[in-house]
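Just so it is clear: chains get the letters A, B, ... in the order the sequence lines come, proteins before strands, and each one is counted from 1.
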Protein chains: 2
Amino acid sequence: MTSKPKFTPERRRQILEAAVEVIAAKGLCDTRISDIAERAGTSAALVIYYFHTKDRLLTEALTFAEDRFYLQTFHELTNIASASDRLTRLIEISCPPEVRSDEIVGEWILWVELWSRALRDEDVARKREALDRRWRSTIAEIVRDGQQAGEFADIDAADFSLRLAALIDGLALQVVLGDRDVTATRARSLVLDVARRELQFGEALTP
Amino acid sequence: MTSKPKFTPERRRQILEAAVEVIAAKGLCDTRISDIAERAGTSAALVIYYFHTKDRLLTEALTFAEDRFYLQTFHELTNIASASDRLTRLIEISCPPEVRSDEIVGEWILWVELWSRALRDEDVARKREALDRRWRSTIAEIVRDGQQAGEFADIDAADFSLRLAALIDGLALQVVLGDRDVTATRARSLVLDVARRELQFGEALTP
DNA sequence: CGCCAAACTGAATGGCCGTTCAGCACTCCC
DNA sequence: GGGAGTGCTGAACGGCCATTCAGTTTGGCG
């Protein structure tokens with residue numbers, strides 16, 4: 001309101017954050033530059049001044065958000081010693097929680113928007129690919145750590161991480177779309193079961 | 001071209017098919033009524049005349065396409081006797097093939113568009129939910145058939161079908177988005193491996 | 001044939017929104 | 001103080017596009 005924030009990089013971030021919020025709330029299609037400007041507390045003209053075109057702004061906002069979320073998650077995981085605990089936490093973080101936390105659900109909404117954009121924009125497609133590769137590498141890394149520590153069974157880490165990531169995507173999607181057959185807790189426990197069964201750690205399985 | 005098709009229901013279908021093609025090619029956001037009209041060989045005014053509003057047309061087109069695809073798949077499966085063959089075929093059909101067949105890839109593109117729409121439109125969300133429920137039921141049905149015939153191990157059919165459907169979603173998505181780490185054949189064989197391992201059918205597993 | 005309803009259309013209409021632009025305010029440096 | 005550069009803005013501009021409308025064609029039917 002009264003504050004008059006200047007200085008380019010700070011402004012940039014403000015606008016990106018506003019863009020992320022608007023996209024999550026209204027969807028890519030219905031996002032207007034003026035909405036973003038309003039939420040950022042400036043004018044539409046300034047938004048264009050910083051990003052030149054709406055297209056570039058939207059692309060940058062999507063990757064900005066996903067990148068930030070990844071770094072946050074990654075940072076949290078580095079504080080956990082055991083591989084099985086790290087994997088468990090990773091699953092908990094990535095599956096949407098039962099209570100509709102705007103933070104996590106918003107993150108998944110942005111993924112869906114990112115996917116639809118990546119279908120038509122080669123540039124976005126490559127950025128998405130890089131984000132997902134990094135994510136799967138992180139899982140694979142945990143698996144290999146656990147295997148070296150003797151916590152996990154000796155299965156192929158690359159295959160497992162791809163399967164696990166895909167399963168999380170598929171289940172989280174259902175939860176975010178509000179499917180009444182797929183509650184958040186059910187999704188989470190399915191993923192955890194798969195991980196425990198395949199890597200053979202944690203609670204005993206009763207088959 | 002020269003033909004002059006009339007009669008309401010036929011026209012309706014023509015327009016819906018045109019809409020589906022345009023959406024798959026350009027995406028929901030960039031789909032114009034005039035594009036659809038042009039492809040259907042009529043005027044934009046007629047399109048509105050039939051569907052009243054663009055919104056309704058798009059929603060109807062998306063569910064029309066997915067419904068048609070499901071029925072087609074379902075019909076093909078009914079001709080297969082053994083449950084394991086049926087499940088194998090279901091997986092083959094739903095995973096995008098290596099050669100970019102417009103038919104299947106288009107189907108997946110439409111799913112992504114449907115998801116992003118379902119995020120904001122309760123009506124679309126419910127329709128999507130119904131489509132997915134039917135799909136998972138189809139899988140569960142096959143599993144139960146196979147179990148009764150002694151082909152499959154006795155695991156929980158509902159859980160398995162949810163997990164399998166989610167895995168297919170997640171992997172097919174990567175393929176359709178052009179991720180270079182996830183080829184179509186790799187995705188397909190991962191899904192088949194999971195199914196065979198969990199249900200214990202087909203080729204021997206070498207763990 | 002003549003009449004009616006329904007299918008269909010081309011040409012407006014009206015609103016929206018990305019982008020441009022001319023200029024204001026502020027700060028820094030000489 | 002004044003000149004310059006930069007952050008910033010309000011007010012156009014211009015194009016696009018869903019929707020409307022007034023009117024034409026078509027086909028069936030008495």
Side-chain angles (χ1 to χ4, degrees), chain A residues 1-62 64 113 116-117 120-121 123-124, chain B residues 1-62 64 113 116-117 120-121 123-124:
Chain A
M1 297 280 161
T2 53
S3 72
K4 258 207 174 177
K6 288 159 215 152
F7 203 48
T8 317
E10 193 181 338
R11 247 308 139 84
R12 230 184 122 74
R13 167 185 293 268
Q14 274 184 358
I15 296 174
L16 282 174
E17 267 161 19
V20 167
E21 286 165 17
V22 174
I23 294 170
K26 312 186 56 167
L28 271 183
C29 282
D30 296 334
T31 292
R32 309 281 153 244
I33 290 206
S34 54
D35 297 333
I36 297 171
E38 190 178 2
R39 188 170 281 245
T42 63
S43 66
L46 191 75
V47 173
I48 291 290
Y49 178 70
Y50 272 82
F51 292 91
H52 305 294
T53 128
K54 185 188 182 185
D55 234 51
R56 267 191 251 181
L57 166 59
L58 295 183
T59 301
E60 219 164 313
L62 285 174
F64 165 79
E113 305 289 354
S116 75
R117 199 141 224 262
R120 269 107 204 167
D121 183 324
D123 191 38
V124 175
Chain B
M1 295 282 164
T2 52
S3 74
K4 261 207 177 179
K6 288 157 216 155
F7 202 50
T8 316
E10 193 180 339
R11 247 309 140 82
R12 230 184 122 73
R13 166 186 292 270
Q14 274 185 358
I15 296 173
L16 281 174
E17 268 162 16
V20 168
E21 286 165 18
V22 174
I23 294 170
K26 312 186 58 167
L28 271 183
C29 282
D30 296 334
T31 292
R32 309 279 152 246
I33 290 206
S34 54
D35 297 332
I36 297 171
E38 191 177 2
R39 189 171 280 246
T42 63
S43 66
L46 191 75
V47 173
I48 291 289
Y49 177 71
Y50 272 81
F51 293 89
H52 304 294
T53 131
K54 185 188 180 184
D55 235 51
R56 268 191 251 180
L57 166 59
L58 295 182
T59 301
E60 218 164 314
L62 285 174
F64 165 79
E113 304 288 355
S116 75
R117 200 140 223 266
R120 268 107 204 166
D121 184 325
D123 190 38
V124 175

Rounded distance in Å - CG (B:D35) to C1' (D:dC16): 12 Å
Atom pair distance, as rounded to whole Å: CG in A:L57 and P in C:dC17: 16 Å
With a 4.5 Å limit on heavy-atom distance, are the side chains of B:L57 and B:L16 in contact? yes
Going by atom type alone, with no hydrogens or angles, which donor-acceptor pairs under 3.5 Å involve a side-chain atom of residues 35-47 of chain A and a protein atom two or more places apart or on another chain?
from: A:D35; atom 1: OD2; to: A:K26; atom 2: NZ; distance (Å): 3.1
from: A:D35; atom 1: OD2; to: A:R32; atom 2: N; distance (Å): 3.2
from: A:R39; atom 1: NH1; to: A:E21; atom 2: OE1; distance (Å): 2.8
from: A:S43; atom 1: OG; to: A:L46; atom 2: N; distance (Å): 3.3

What's the angle between the local helix axes at either end of the helix from C:dC1-D:dG30 to C:dC30-D:dG1, using five pairs per end and rounding to 10 degrees? 10°
Considering only side-chain heavy atoms of B:T42, which listed nucleotide, C:dT9, C:dT19, D:dT19, is closest? C:dT9
Please give me the minimum heavy-atom distance between A:E17 and A:F64, naming the atom from each residue. CG-CE2, 4.1 Å
Between C:dG10, C:dT20, C:dT19, spot the one nearest the side chain of A:T53, thanks. C:dT19
Applying side-chain hydrogen bond (donor to acceptor under 3.5 Å, both in side chains), can you list everything that pairs with B:D55, at least two apart in sequence or on another chain? B:R117
Between C:dA7 atom P and B:E10 atom CD, what is the distance in whole Å? 13 Å
Whole angstrom is fine here: how far is it from CZ in B:R11 over to P in C:dA6? 17 Å
Please state how far atom CG in A:L46 lies from atom C1' in D:dA11, giving the value in whole angstrom units. 16 Å
Look at the side-chain N and O atoms of B:T8 and state whether any lies under 4.0 Å from the OP1 or OP2 oxygen of C:dA6. no
Evaluate the criterion side chain to side chain contact (heavy atoms under 4.5 Å, CB included) for residue pair A:F51 and A:L58; output intermediate values, then yes/no. CA-CA 9 Å; A:F51 292 91; A:L58 295 183; over 6 Å; no
Between D:dT9, D:dT19, C:dG10, spot the one nearest the side chain of B:S43, thanks. C:dG10
Can you tell me how far CD1 of A:I33 sits from NZ of A:K54, rounded to the nearest 0.5 angstrom? 6.5 Å
Whole angstrom value for the distance that separates P of D:dC8 from CZ of A:F51: 12 Å
More than 12 heavy atoms of other residues, nucleotides or ligands under 6.0 Å from CZ of A:R13: is that the case? no
Under 4.0 angstrom between B:Y50 side-chain N/O and C:dC8 OP1 or OP2: yes
Whole-Å gap separating P (D:dG15) and CZ (B:R32): 17 Å
Rounded distance (Å) that lies between atom C1' of D:dC21 and atom OH of B:Y49: 14 Å
